[in-house]
Amino acid sequence: MKDFFKNQPHWAIAAIIVIVGAIYWGVMATDRYVSRAQIVLESPEVSMSSMNISSLLSGTQGSGDLLLLRQHLLSVTMLKTLQKDLDLRSHYSQDFIDSWSALSEKDAPIEVFHQYMLEHMSIEFDEYAGVLQIQVEAFDPEMAQAIVQTLLKEGESHMNSMGQRLAEEQVKFIEKQVAKLESRLFEARDNLLQFQNENGLVSPSQTVQAIFATVSQLQAQRAALAARKTALLDYQSRTSPQVMEITREIRSLDEQITEEQAKLTRESGDALNKTSAEFQTLQLRAEFALELYSNAMIALESTRIEAARKLKQVSILEFPLLPEYSTKPDRLYNFVVLLVFTLFIAAIVHLGRAIVRDHKH
């Protein structure tokens with residue numbers, strides 16, 4: 001046997017590795033307790049059908065938020081929070097923990113500590129079920145459960161603060177725009193009222209229409225009198241009393257028609273056509289300002305509701321488990337894997353040495 005190991009040192013090394021592995025996994029490895037939880041993120045169901053924004057407020061949940069939550073739970077920032085709340089460094093560097101499983105130093109750099117915790121923490125996203133699965137290993141059941149509970153609490157708080165921060169900025173921006181549009185609306189309304197008061201007209205457009213109607217009636221009366229005068233001239237002279245009376249009436253109607261038409265087109269600056277055009281311009285500005293203000297108010301309410309929808313609630317499908325017995329390390333599995341790989345590598349080395357010896361001979 002001694003000569004065999006002397007001639008085949010790789011088998012000696014393999015035997016030593018297997019023995020060390022058996023001693024470590026069988027005796028030395030410290031028990032680790034595993035706490036698990038499964039969660040989903042939900043948003044409050046909010047709807048305002050009157051605003052036609054139900055598509056924005058469906059409350060559906062995609063995978064994006066869960067993936068963001070996973071990254072945060074695995075981040076150095078979360079590790080610092082766990083250290084502050086639970087003092088993980090002290091827990092994972094206790095004296096009873098075997099040297100291969102314990103944190104190398106209690107004051108190890110944060111990068112080393114973070115890498116160590118990633119080996120004892122698993123957070124996986126089940127894309128098919130839309131569930132985040134959390135698993136944490138610790139050296140006593142209470143600590144394992146406390147770590148998972150802290151992850152859930154801090155994760156929900158982080159998602160809410162991240163979503164609300166953006167929503168609040170949007171709300172503030174739209175509120176500023178609403179204030180500006182409100183001032184613009186009041187200014188347009190005041191200009192319209194001032195114009196109406198200065199001109200003594202509620203609606204110049206309606207006044208113009210009334211004048212047109214009056215002119216049309218006067219022209220119709222004149223046309224009727226002119227036809228009657230033409231008929232009288234067939235058998236009476238121009239100096240007859242009836243013809244002269246009709247002529248006076250026609251002249252009077254002509255003067256009235258001219259006066260009414262002058263109201264529309266006089267050049268003195270107060271013609272109704274000009275007044276009506278200015279009024280319509282002011283009215284359009286006021287209507288446009290009102291429409292912009294109404295749209296901004298709808299957008300503001302939509303954004304406020306969207307801000308409420310951004311609140312994320314962690315719904316727990318499987319509550320953080322308080323382990324009753326240790327499930328890590330998987331001693332038999334780890335030893336079998338070590339044994340298989342060691343024998344496999346030793347066999348390869350043995351085969352390689354045999355090939356080299358054959359070539360020498």
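Keep in mind that what you see is a predicted model, and the values were worked out from it rather than measured.
Hydrophobic clustering places Leu69 together with Leu118 (ILVMFWY residues linked when any side-chain heavy atoms are closer than 4.5 Å, directly or through intermediates). Neither Phe341 nor Phe335 shares a network with the other; the hydrophobic side chains, linked directly or stepwise wherever heavy atoms of I, L, V, M, F, W or Y lie under 4.5 Å apart, form separate groups for each. In the hydrophobic clustering of ILVMFWY residues, with side-chain heavy atoms under 4.5 Å counting as a link, Val34 and Ile316 come out apart. One hydrophobic cluster, built from ILVMFWY side chains closer than 4.5 Å, holds both Phe173 and Met297. Trp25 is not connected to Val336 by any chain of hydrophobic side-chain contacts under 4.5 Å among Ile, Leu, Val, Met, Phe, Trp and Tyr, and they are in different clusters.
The shortest non-hydrogen separation linking Leu67 to Phe125 is CD2-CD2, 3.7 Å. The two residues Pro320 and Ser35 have their closest heavy-atom pair at C-OG, 3.8 Å. Between Ala144 and Tyr33, the closest heavy-atom pair is CB-O, 3.7 Å. Nearest heavy-atom pair, Gly130 versus Leu66, reported as atom, atom and distance to 0.1 Å: O-CD1, 3.3 Å. Considering all non-hydrogen atoms of both residues, Leu338 and Gly21 come closest at CD2-CA, 3.5 Å. Closest non-hydrogen pair, Met78 versus Leu151, comes out as CG-CD2, 3.6 Å.
Residue Gln149 holds its CD atom at 11.0 Å from CD of Glu142, rounded to the nearest 0.5 Å. With rounding to the nearest 0.5 Å, the separation of CG in Asp98 from CE in Met28 is 6.0 Å. Interatomic distance, Leu132 CG to Asp65 CG, rounded to the nearest 0.5 Å: 11.5 Å. Interatomic distance, Ile17 CD1 to Leu339 CG, rounded to the nearest 0.5 Å: 11.0 Å. For the atom pair CE (Met121) and CD (Glu137), the distance works out to 10.5 Å, reported to the nearest 0.5 Å. One distance of note links CG of Asn191 with CZ of Phe186; it measures 13.5 Å at 0.5 Å rounding.
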How far apart are the C-alpha atoms of Glu245 and Arg248, what are their side-chain angles, what is the distance that settles it, and do they pass the salt bridge (Lys or Arg N to Asp or Glu O under 4.0 Å) test?
-> CA-CA 5 Å; Glu245 179 65 25; Arg248 285 194 295 271; 2.5 Å; yes
Give the C-alpha distance, both sets of side-chain angles, the deciding distance and a yes or no for side-chain contact (heavy atoms from CB on, under 4.5 Å) between Arg251 and Thr247.
-> CA-CA 6 Å; Arg251 188 182 305 115; Thr247 301; 3.6 Å; yes
Full working for side-chain contact (heavy atoms from CB on, under 4.5 Å) between Glu287 and Glu291 = CA-CA 6 Å; Glu287 291 175 354; Glu291 184 177 358; over 6 Å; no
Dump the intermediate steps for side-chain contact (heavy atoms from CB on, under 4.5 Å) on Tyr24 and Ser101, then the final yes or no.
-> CA-CA 11 Å; Tyr24 175 74; Ser101 299; 3.1 Å; yes
Check the pair Arg89 / Asp107 against salt bridge (Lys or Arg N to Asp or Glu O under 4.0 Å), numbers first and verdict last.
-> CA-CA 8 Å; Arg89 289 179 180 270; Asp107 298 328; 5.4 Å; no
Walk me through it: do Val148 and Arg36 pass the test side-chain contact (heavy atoms from CB on, under 4.5 Å)?
-> CA-CA 7 Å; Val148 177; Arg36 298 180 178 85; over 6 Å; no
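Within the 4.5 Å cutoff, the side chain of Thr30 has no heavy atoms near those of the Trp100 side chain. Counting heavy atoms from C-beta on, the side chains of Val178 and Ile174 come closer than 4.5 Å. Using a 4.5 Å heavy-atom cutoff, the side chains of Glu156 and Ile39 are not in contact. Looking at Gln221 and Leu218, their side chains come closer than 4.5 Å, going by heavy atoms from C-beta outward. No side-chain heavy atom of Ile13 sits less than 4.5 Å from a side-chain heavy atom of Val349. Contact of the Ser93 side chain with the Ile97 side chain is not registered, since no non-hydrogen atoms from C-beta on lie closer than 4.5 Å. Taking the side chain as every heavy atom from C-beta outward, Lys80 and Phe113 never approach each other to under 4.5 Å.
Using a 30° and 60° split on the angle between ring planes, Phe139 and His91 fall in the tilted class, from 30° to 60°. Ring orientation note: the planes of His158 and His72 are close to parallel, at an angle under 30° on the 30°/60° scale.
Thr81 places a side-chain N or O within donor-acceptor distance of the main-chain N or O of Thr77, the cut-off being under 3.5 Å. A side-chain donor-acceptor contact under 3.5 Å links Thr230 to the backbone of Ala226. Here the side chain of Gln83 pairs a donor or acceptor atom with the backbone of Leu88 at under 3.5 angstrom. For His114 (side chain) and Leu74 (main-chain N/O), a donor-acceptor pair under 3.5 Å exists by modelled atom type. The closest donor-acceptor contact from the side chain of Arg70 to the backbone of Ile123 lies under 3.5 Å. Side-chain N or O atoms of Arg331 include one that pairs as donor or acceptor with a backbone N or O of Ala29 at under 3.5 Å.
Atom OH of Tyr325 is surrounded by 12 or fewer heavy atoms from other residues, nucleotides or ligands within 6.0 Å. Annotation: Glu127, atom CD; neighbour count of heavy atoms from other residues, nucleotides and ligands within 6.0 Å does not exceed 12.
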